[in-house]
Amino acid sequence: QVHLVESGGGLVQAGDSLRLSCVASGGAFSRHSMAWFRQAPGKEREFVAGISWIGSSTIYADSVKGRFTIFRDNTKNTAYLQMNSLKPEDTAVYYCAATPILRAPTQSTRYDYWGQGTQVTVSS
């Protein structure tokens with residue numbers, strides 16, 4: 001069982017940056033791919049970024065490529081999402097998720113563990 005706790009959300013202006021953190025406990029963090037998803041009001045949860053077990057492989061949604069970076073520190077059992085050049089359309093609750101699959105899939109159904117979410121609000 002892996003327990004995930006996100007932090008780092010907040011209210012920022014367009015063009016600002018934020019870094020989200022996801023701390024894992026209770027399981028073999030280095031043997032789980034990690035991902036960030038987000039869900040805006042009235043919309044379905046969508047994949048944002050994913051990273052493989054040791055961070056050698058990453059994948060991003062087209063909407064965040066070049067602006068967001070996912071990385072991890074296995075010594076700290078923590079995954080991060082660095083978000084730059086934020087836009088109002090990035091406003092959502094951001095969730096981290098974990099799966100024992102070697103490379104991070106983009107489908108939410110393939111993730112076994114989820115955090116409680118952290119709110120990111122970007123004003124124009």
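Nothing fancy with the numbering, it's 1 onward along the sequence.
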Is any side-chain heavy atom of [Y] closer than 4.5 Å to one of [X]?
X     : Y     : answer
Lys76 : Phe29 : no
Asp16 : Met83 : no
Tyr80 : Cys22 : no
Met34 : Leu4  : yes

Gap between atom [atom2] of [Y] and atom [atom1] of [X] - 0.5 Å precision:
X      : Y      : atom1 : atom2 : value
Ile51  : Ser33  : CD1   : OG    : 8.5 Å
Asn84  : Arg19  : CG    : CZ    : 9.0 Å
Glu44  : Ser108 : CD    : OG    : 9.0 Å
Glu6   : Cys96  : CD    : SG    : 4.0 Å
Asp112 : Gln1   : CG    : CD    : 9.5 Å
Phe71  : Thr78  : CZ    : OG1   : 10.0 Å

same_hphob_cluster([X], [Y]) at 4.5 Å side-chain heavy-atom cutoff:
X      : Y     : value
Tyr113 : Tyr94 : yes
Tyr60  : Trp53 : no
Val48  : Leu18 : yes

Using a 3.5 Å distance criterion without hydrogens, assess whether the side chain of [X] forms a donor-acceptor pair with backbone atoms of [Y].
X      : Y      : result
Arg72  : Gly55  : no
Thr99  : Arg110 : yes
Arg103 : Gly50  : no

If you apply the rule salt bridge (Lys or Arg N to Asp or Glu O under 4.0 Å), what do you find for Asp62 with Lys65, and how did you get there? CA-CA 5 Å; Asp62 288 344; Lys65 279 181 182 177; 3.2 Å; yes

How close do [X] and [Y] get, counting heavy atoms only, and between which atoms?
X     : Y     : answer
Ser30 : Asn74 : CB-ND2, 3.6 Å
Phe47 : Ile59 : CZ-CG2, 3.5 Å
Pro88 : Ala14 : CD-CB, 4.1 Å
Arg45 : Phe37 : CG-CB, 3.8 Å
Ser17 : Ser85 : OG-N, 4.3 Å

With a 6.0 Å cut-off (strictly less than), is the heavy-atom count around CD of Gln116, excluding the residue itself, greater than 12?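 Above 12, so yes.
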
Please determine whether the number of non-hydrogen atoms from other residues, nucleotides or ligands lying under 6.0 Å from atom CG of Leu102 exceeds 12.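 Yes, CG of Leu102 has more than 12 neighbouring heavy atoms, counting only those of other groups under 6.0 Å.
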
Considering the options Tyr111, Trp114, Trp36, which one meets the side-chain contact (heavy atoms from CB on, under 4.5 Å) requirement together with Tyr95?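 It is Trp114, the one option of Tyr111, Trp114, Trp36 that forms the side-chain contact (heavy atoms from CB on, under 4.5 Å) with Tyr95.
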
For Arg38, the option from Asp90, Val93, Leu81, Thr118 that meets side-chain contact (heavy atoms from CB on, under 4.5 Å):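 So, applying the side-chain contact (heavy atoms from CB on, under 4.5 Å) to Arg38 and each of Asp90, Val93, Leu81, Thr118, only Asp90 qualifies.
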
